[in-house]
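Note sheet for the following structure.
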Amino acid sequence: VTGTRLALLVAAGALLYGGAIAIAATSDQAVGGAVVAAFAAGLSFTATGIVAVARRPENGTGRLMLVVGFVWALGALTLTSSSLLFTVGAITEQLAFAPLAQLLLAYPTGTLERRYERRLVEGLWAVLFVGPLLQVLVDPTPTGCTTCPESAFVVRSSHTAAVTVEIGYAVAAFALVLAVVVELVRKYRANGPPFRRTVSPVYAMFGAAIFFLLLSNALEAVSKPAATTFGVIAVVFIALVPVAFLAGLLRSRLARGSVLQLLTALETGTPLRDALSDALGDPSLELAYWLGEGRWADAEGRALPEPAAGPGRAVTTVERRGEPVAALLHESSLEDEPTLVRGVAAAAALALEAERSQAELRSQYSYLQALVDTMPSLLVTIDLEGGIVGHNGAMLEAAGYDDGDEVVGRPFWDVFIAPEERDDVRARFARDAPDFPLAEYENAFTNARGEERVVFWRIAPVHDDEGRVVSIVAGGIDISDRHRLEAEKEREREFLNAIANRAPSLMCLIDDEGLVTERGVNIAFETTLEWDDADVGGRVLWEHWVDPADADEVRERIARVVAGETLGDHDNLWVTGTGKRLTLAWTCTALPKLDERRLFLIAGNDVTERRQRERDIGEAEERLRAVIESSPVAIVEIGLDGNVKLWNPAAERTFGFSPEEVLGRPPLWVPADREEEFRELSSREALGDGYTGFETVRAHRDGRPLDVEISAAPIRDAGGAVVGAMAVLNDITDRKRQEEALRNERDFLLTVGRATPSLLAVLDANGRVNEELGVNDAFKDLLGYSDELAKGRYVWDLISPMDEAPLLREHVLRSIAEESLVEREDTWVARDGTRLAVAWSCRHLGEIGGAHAYLVCGTDVTEHRVREAQLQRERDITGTLMQAIPSLVVVVDSEAVIVDSGIDETRAGVNNAFRHTLGWPDAAVVHRSVLDLIDAADGDTARAAIASAASGVASAEQESRWLCADGEHLVVAWTATPVADVTGRKASLVLLSGVDVTERKRQEEEVRASRARIVQAADDARRLLERNLHDGAQQRLVALSVSLRLAEAKLSSDLDSASATLSGAREELALALEELRELARGIHPAVLTDRGLSAALEALVARTPLPIEVAAPEQRLPPAVEAALYYVVAESLTNVVKYAAATSAHVRVEVAGTGVVTVEVSDDGIGGADPARGSGLRGLVDRVEALDGRLTVDSPAGGGTRVRAEVPLAAFAAPEAAVPAPGRE
Amino acid sequence: MSRMPKTVLIVDDHPSFRESARAILEADGFSVVGEAKTADAAIRAARRLRPDVVLLDVQLPDRSGFDVCSTLCRSNGTSPAIVLVSSRDARDYGDLIANCGARGFVPKAELSGDAVSTLLE
C-alpha cells in the first residue's frame, strides 16, 4: 500500500468527517450526544480502517472498515436544512450497517467464505437502501424528526403508506439482522477456540451494540431521553467494534518476536496450534502434518490434501533433519516476515515432530478403523463373559442392526446364535474358558431383520503382555450367499437332471478322453443301450457302446469336438449291453467348463428303425425302378393329362421311340384306326379300372403295326385319387408268329419222329398208347408192335417182362402225375421175346386234341451195355491185377500227384503192395506228390522220369529210396510208364511200378563185405606167413650164412674159434629147421587161430614132458600178438626142457588195463641162460620187438630162468573196422 | 694195413643180424662205430658219428631204408657211403636201389667185408 493511497484515504476521511462536523455545527437541529457518538463511531471505523489497510493490506477487513466509516459519514446529511441533502442523508443514514454486517461475517479473514453469507450481505445492502428510499417517497418525515426539512422526494404523502413501509422495512431489516446473528453464532460454534478468542471481543462489542440499540428502540415510545441514552451507548459500542477488530487483527504484531513466549506457552501446555497462532499472530493458522509419501494429516490424523498456497494464504514447510515435518498454512501477510515464521517454526519443530508422530499414529489408527469398518469380513471382540465389546460394520450388517450400541454389551449368542442352539454355544464357551483355543465353526441363524444368515467363524484369543487371555476376537465370513448359490446350483442341477432324464434322446457326459463321468448318463441312455447306470462311470464311450467297426470314427469325431470343432449329427452303429446293434444319430457338444473339468455332451437318438425304413423305401424304389428298367416288356405311364410320364427301355426297344420323343407328349404309338379304342381305354383307367391281357394293335416308329397285349392299372395318390395309369404293353407279334411256326414245326416233328431211330410212343394220361399218334417206325421195327397193335394198350403191358410190368407202370404213371421227366434204363421185351436194354424217358408232351399227351422215348442200348460190361470187366481185371501184383504201383498225374479215382480202393492211385510195403494209408498219399515219398537225393531223377512218362516216353528203371510211413526208407527199383486215364478225364497219367529191392541190396552188400573180409583174411594170413618166414627161419638162415662165412674166414687162422662158430651154426640150423617144420606143419597150430592163445598154450603144455602150470585169460588178442606170444612160450619151454633141468614151470599171461599184454615163463631150473648166446632167444626178441614189445631174460645161476615179454596192444586197430556194417534185416 | 680202418654204422631192426654183421665186418677190418634199430635213430647216429659207411637195412620198422638213404644223401657236407642190405633179393626192389643214392646193395646172406669194400671202390 503506497503512502499516496494512504494519504488519499486519510484525506478522504478527513474531508468527509470534516464536512460532517461542519454540517453538525451549522445545523438548525439540536445536535445531541447521539450525534457525537455517531461521529466518533464513524471516525473510529475510518481511522482503524486506514491503519488496517496500511498494516494488513491483503486482508479485506481494513477496506470494509473504511467503507463502513465512509458510508457512516453520509448520515450527517440529515442534519442539513437542505431538503434534498436531508433526503439523501435519510436514505443513506442506515446504509453503513450493510458493510458492517459484511465486516462481521468476513472477520477475521476479510473474505466471505460462504455463498449464503454473500447473499445475506447483498440482501442487507438492498433492504437498507430500498427501505429508506420507499420511506422518503411516502413519508415527509422519514426520520421522525419534526424539526428537520421534509423529504424532497415525496411523491404522495400518506401516513398509511408510511406506516406500511416502515413496518415492512423493519421486518425485513430485522429478519436479515437476525440471520446475520444466527450465522455468526453458527460460525462461532463451528470454529475452535483460537477463532473464538479472536472474534469474541468483536462479537461482544457488536452484541452489546445490538443489545443497546434494541433497548433504545424499545424505550423510544416510553421515554425519549432513555431511548436516546441507550442509543448513544449502542453507538459507543459500535464505535468500539473497529477497535476490537483492529486489536484482533494486529494481535500478532503485538506478540511479534516473542518466540520465548511461544516456548513458554508450549511449556505451559498450550495447544501447539494455538501457541503458534499466538506467536505468529495469525488466528487463521492451520497445521498439516507430513506422514510421508505425499500424505498429510491434521493433528487428529485425518487426511488432508497437500497444503497449497491460495488467495491470501501461504504455506511454510517446517523441516527437521532434512525431512518435512509439518506445513503451516497461514495468512500470506506473514510472508513479509520470514524471520518470524522461521524462528517460530524452528522453535516449534520439536513439538511439531511430536505432534506429527501422534498424527501419524492417529492416522494409522483411523486407517485401521476404517479398514475394520469397511472390510467385508465380520469382526467382533468378545470379553471373557461372552459379551460383545467391539464390532465392525460388516458384523452389524450381518447381525441385522444399524447401531453398534444395540449389540455392545450383549452376549454374542443373543446376537448370532439361533435360540435353540444358544445353550450349546454357551456351554461350549464355558468349556473353552479360560484359554479359548483357536476354533472354527459354521453357524446358521436368523438375524434381527429376520434374514437367514450362514457365517463361517474363526475364533482366536487376545493375550495381554503376561499371556493372559483378555478378550476373544471372532472373524467371520458371511457365506449365506454362497450357501444360497450352492443350493440354487443344486436345484438347477436337479432340474437339469430331471430334464435330461425325461428327454427321449440318450445323453451322456464324457470328459476330453472319452471317459463317461460318474452317473453321467440319462435314463434314455440306460434303456436304449440296455446298460445299468451303476457301472458306466470311467468307461470309454467308444469301447463299450460303439460297434468296433465304428469306434475309430466315433473317437475321431469326439477328438475333433474336443479340439474345438463344431460337428453336426452323424450316424454310427452302437452296441447295447446285450450286444444289439443300433444306429444312432448322435452329436458331441462341448459344455462350459465345470469345476475346471472340460465335459462334453453326447446326445443321440436311436434311428435304427428310421434308417432301416429309409433304406427299405429306398430299396423298394430302387427295386421298382430296376424292375421297370429291366423289364423285357414295355412299361408306360400316362398321366391324367394324357401325356407320357414314363417310358422304359423295353418300350423304346419295342416301339422305336426314344424317351425324348415321347415324354411329356400324348402317345405317338396309337394308330389312327385305334384312337377311339384308346380313348375308351383311357377313360376306363381314369375311372380307376384296370384291365389285363387286352390284345390290340399299336404302331412302331417306322409305321409297322405291332400286335400287343396291354395290361393297365390306375395309379393313385396317397388320398386314393387316380393320378394316372401305368400300362404294360407286351409285343406279341413274335408270339403270334411263333404260334404259327409251332404249328408248322409240329408237323415237321411228327415226320421226324416217324423216321428217328429212337423208340417213340405217345401215351394218354392213363399210360395207354395214344390212339391218334401211336408209336413210330423204330418202335415197330425193334419191338415188333405196329401202330395197330400198340394203340390203346398200356405201354407196360407191351414191353415189360411179366415181373417188371408194375415197376414200369409206376414210373410212367409218376411221370404223368407229376408232369415230370423220368429217365431210366430198363429191360424191354420185344414181341418175339428178344430182350433189349432200353434207356428211356417219359415227359409231358403237350395237349393233343384237348387231352394231355406224354411221350415215351427210348433208345436201344443193348449193344452199348454189352460193350460197357466188357469194358467194366476189363477194368475190374486191370484193377484186381494192379492190386494183386506184388510190385508197388502208383498212378500219378503229369504233376506227379497221386490220383484218386474216387470209386473204391481198387481204383485208388496206389495198390496193395504199395500200401503194405510202404505202410501209407491212402488218405495220407492220395492227392499228394509222389516226389514227397522219394528221398530228396533221388528227387531230380524221379521228377525227370515222371516228366518223361507224362510226355509219352517210358522211363528206364531206376532205384530210389522211398519213404515209409514209419520213417524208414526202402530202396525201390521202379519205372514210369505213360498210361491212358481210364476215366478219360485227364489227358495223361503216369504209372509208376516198382519193386522193393532193399533186401537184395542188403544181401549184395553183405556178400561184398564178406568177400572183402575173406580177401583181408587171406592177405593177413599171407602177411603173417611172410613175417613168420622173414622174422623166423629166414633170419636164422641169414645168421647161419654169416656164421658159416665167419667160420670159413677163421679156418686158416683160428681153428678153435672157427669150430665154436660152426657149432653155433649147427644149432642155428637146427632151430631154423624146426621153425620150417613148424611152418610146414601149419605154422600156427589150428587151435591158436580158432580158439586163441589160452587154448593153444594148454595144448602146447600138454605136449611138454614137464608139469607146467598155465594161467591165461580166455580173451582174444590180435593174431600177430597171439602168434608172437605163442612162440615166446613155445621157445622158452623148449629151452626149459633142453637146458634148465627144471622140475616144473609156470606160464602166466596177463592183459593189463594199460593196454599191454605180458607173458612170463619161469622155471625152477639151474638158470644161467645167456640171451646173447642162444640164437633161439634172439629170434624171440626179433618177434617181440617187431610188435614194439620188449623181451627180458632173468636167469641167475642156480636161480631159475624167467623170460618175460611185454607187447603193447595200442598199435593194433580193431580189424572189424574194415567190414561194412550189416544192412537192414 | 697202413690205412685207417673204415668206420661203419649198422642199421637193422634184427639184433641177430646186427651181431652177425658186426662180427663179420670187424673180422674183415672195418671198425663198427655204432648200431641203430630204426630209421630215425639211424639218421641221428649218422649225423653224430659221421661214419664212412652206413650198412642200411631196407626194411625198418618206422620207415623204409630208401627214405633214410635219401635223407642222408641230401644232408649238407660229406655224406657217408650207404650200402643197402636186405634178406630179400635186389630184384624185389626194382630201380629203387639205383635211384636212392646208395653205393649198392648186398644181400644179407652174402654180407662180407669184401662185398662192402667192392662197392666202396
Side-chain angles (χ1 to χ4, degrees), chain A residues 1023 1026-1054 1057-1058 1060-1061 1064-1065 1067-1069 1071-1072 1075 1120 1131 1170-1193 1208 1211, chain B residues 1 5 8 10-30 32 35-42 55-65 83-93 105-119:
Chain A
R1023 245 195 309 282
E1026 195 264 359
R1027 183 152 206 155
N1028 278 326
L1029 278 173
H1030 181 258
D1031 291 347
Q1034 195 174 12
Q1035 290 302 326
R1036 292 189 194 287
L1037 289 173
V1038 166
L1040 182 60
S1041 163
V1042 173
S1043 295
L1044 288 175
R1045 199 173 301 277
L1046 203 57
E1048 186 184 24
K1050 286 174 179 172
L1051 270 181
S1052 55
S1053 58
D1054 187 356
S1057 179
T1061 303
E1067 279 179 22
E1068 197 82 47
L1069 181 59
L1071 286 171
E1075 277 200 9
E1131 185 84 39
D1170 181 4
R1173 200 192 62 212
S1175 62
L1177 276 174
R1178 278 202 305 277
L1180 293 180
V1181 172
D1182 281 352
R1183 280 184 177 277
V1184 171
E1185 291 193 352
L1187 298 175
D1188 277 344
R1190 198 156 62 89
L1191 184 107
T1192 52
V1193 176
Chain B
M1 290 175 100
V8 180
I10 299 172
V11 182
D12 196 304
D13 55 334
H14 290 101
S16 57
F17 176 75
R18 291 202 300 274
E19 193 182 328
S20 303
R22 176 188 281 270
I24 200 160
L25 288 177
E26 283 183 345
D28 285 347
F30 286 89
V32 176
E35 294 180 13
K37 287 193 265 185
T38 64
D40 290 341
L55 193 69
L56 182 59
D57 185 15
V58 171
Q59 211 171 8
L60 291 171
D62 47 355
R63 276 185 283 161
S64 87
V83 174
L84 291 166
V85 293
S86 176
S87 52
R88 296 173 193 275
D89 191 80
R91 285 168 305 192
D92 288 351
Y93 300 109
F105 177 86
V106 178
K108 277 185 179 177
E110 293 169 18
L111 181 66
S112 68
D114 289 345
V116 174
S117 296
T118 309
L119 290 174

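Here is how names work: the chains are called A, B, and so on, in the same order as the sequence lines, proteins then strands, and each is numbered from 1.
- The environment of CZ in B:R22 is crowded: more than 12 heavy-atom neighbours from other residues, nucleotides or ligands sit within 6.0 Å.
- With rounding to the nearest 0.5 Å, the separation of CD in B:E26 from CG in A:L1046 is 10.5 Å.
- With hydrogens and angles disregarded, no donor-acceptor distance shorter than 3.5 Å links the side chain of A:R1045 to the backbone of B:I24.
- Shortest non-hydrogen contact noted between A:S1041 and B:A109 is OG-O, 2.5 Å.
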